[in-house]
Amino acid sequence: LTLVDNPIIKFSDDYCTVSDGSGLSSVKYFYSDPEMLSAPKKDITMPECEVKFVLNTDTLSKIKRAASALGHGEISIKPSGGSIEISVVNNKNQTSNAFSIVVEGSYPELATFEYIMSVSNLKLINEGYEVAISSKLISNFKSLDSSIEYFIALEKTSTYGA
């Protein structure tokens, strides 16, 4: 949707077209075969979350651009002086280049954590999100702009201590 200005969506039997309305630019997007899609077999019950923060559209965009520019596949989320530091990193190479941004957030006062998330799991609609993360290795992204909600698994290398 972000590829064109003021997107207009038209649905056909096998695809949808996203255009700018002037006919100057459009994207033809084919539907996936239903057999290729996966869905949870049971409802997801979000456990108690220790870490919460807001990820606005600008910050989300910067994180995605940094991951692409640096060629890194992981995001690290850890405490930073009462705030949350989100870094695009290569955890396999501690001397690799990294991008970091600090956002306001909340977590237990004495908590130490480093949550690791795969960049490939951040295929989100470009909106702002209220993010809640549990030490049970699951996160919840609730849109601030619509009713969209994502549950994203964390990597097993994530750590949490209180």
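Throughout, numbering of the chain's residues begins at 1 and tracks the sequence.
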Please name the pair of heavy atoms, one in [X] and one in [Y], separated by the smallest distance, quoted to 0.1 Å.
X: V18; Y: P7; result: CG1-CB, 3.7 Å
X: K64; Y: L124; result: NZ-O, 3.3 Å
X: Y129; Y: L60; result: CE1-CD2, 4.1 Å
X: Y150; Y: I125; result: OH-N, 3.1 Å
X: E127; Y: S146; result: OE1-OG, 2.8 Å
X: A153; Y: N121; result: O-ND2, 3.9 Å

Would [X] end up clustered with [Y] when hydrophobic side chains under 4.5 Å apart are linked, directly or stepwise?
X: V51; Y: I116; answer: no
X: F11; Y: V4; answer: yes
X: L137; Y: Y160; answer: yes
X: I152; Y: Y115; answer: yes

| task | Would you check if there is a donor-acceptor pair between the side chains of S120 and S118 at a distance under 3.5 Å? | result | yes
| request: For the residue pair D20 and S22, confirm or rule out a side-chain donor-acceptor distance under 3.5 Å. | output: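 D20 vs S22: donor-acceptor pair found between side chains.
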So, [X] side chain and [Y] main chain: donor-acceptor pair closer than 3.5 Å or not?
X: S87; Y: V89; value: no
X: H72; Y: A66; value: no
X: T57; Y: G128; value: no
X: Y31; Y: S12; value: yes
X: N140; Y: E149; value: no

Would you say [X] and [Y] make side-chain contact, with heavy atoms under 4.5 Å?
X: V119; Y: I75; value: yes
X: R65; Y: F99; value: no
X: L55; Y: I63; value: yes
X: I86; Y: F53; value: yes
X: I138; Y: P47; value: yes
X: I148; Y: F141; value: no
X: V103; Y: V54; value: no

| Among E155, E85, E114, side chain to side chain donor-acceptor pair (under 3.5 Å) partner for S76 | E114
How about [atom1] on [X], more than 12 heavy atoms from neighbouring residues, nucleotides or ligands closer than 6.0 Å, or not?
X: F151; atom1: CZ; value: yes
X: D33; atom1: CG; value: yes
X: D58; atom1: CG; value: yes

About how many Å separate [atom2] of [Y] and [atom1] of [X], when rounded to the nearest 0.5 Å?
X: S83; Y: I101; atom1: OG; atom2: CD1; result: 11.5 Å
X: M117; Y: I133; atom1: CE; atom2: CD1; result: 5.0 Å
X: S25; Y: D5; atom1: OG; atom2: CG; result: 7.0 Å
X: S26; Y: I9; atom1: OG; atom2: CD1; result: 13.0 Å
X: M46; Y: K136; atom1: CE; atom2: NZ; result: 11.5 Å

| task | Apply side-chain contact (heavy atoms from CB on, under 4.5 Å) to E50 and S134, showing your working. | result | CA-CA 6 Å; E50 295 84 15; S134 170; 4.2 Å; yes
| side chain to side chain donor-acceptor pair (under 3.5 Å) evaluation trace for N56 with T59 | CA-CA 5 Å; N56 64 36; T59 302; 2.9 Å; yes
| Should the ring pair Y107 and F113 be called parallel, tilted or perpendicular, given that the plane angle runs from 0 to 90° and is split at 30 and 60? |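 Y107 vs F113 ring planes: perpendicular.
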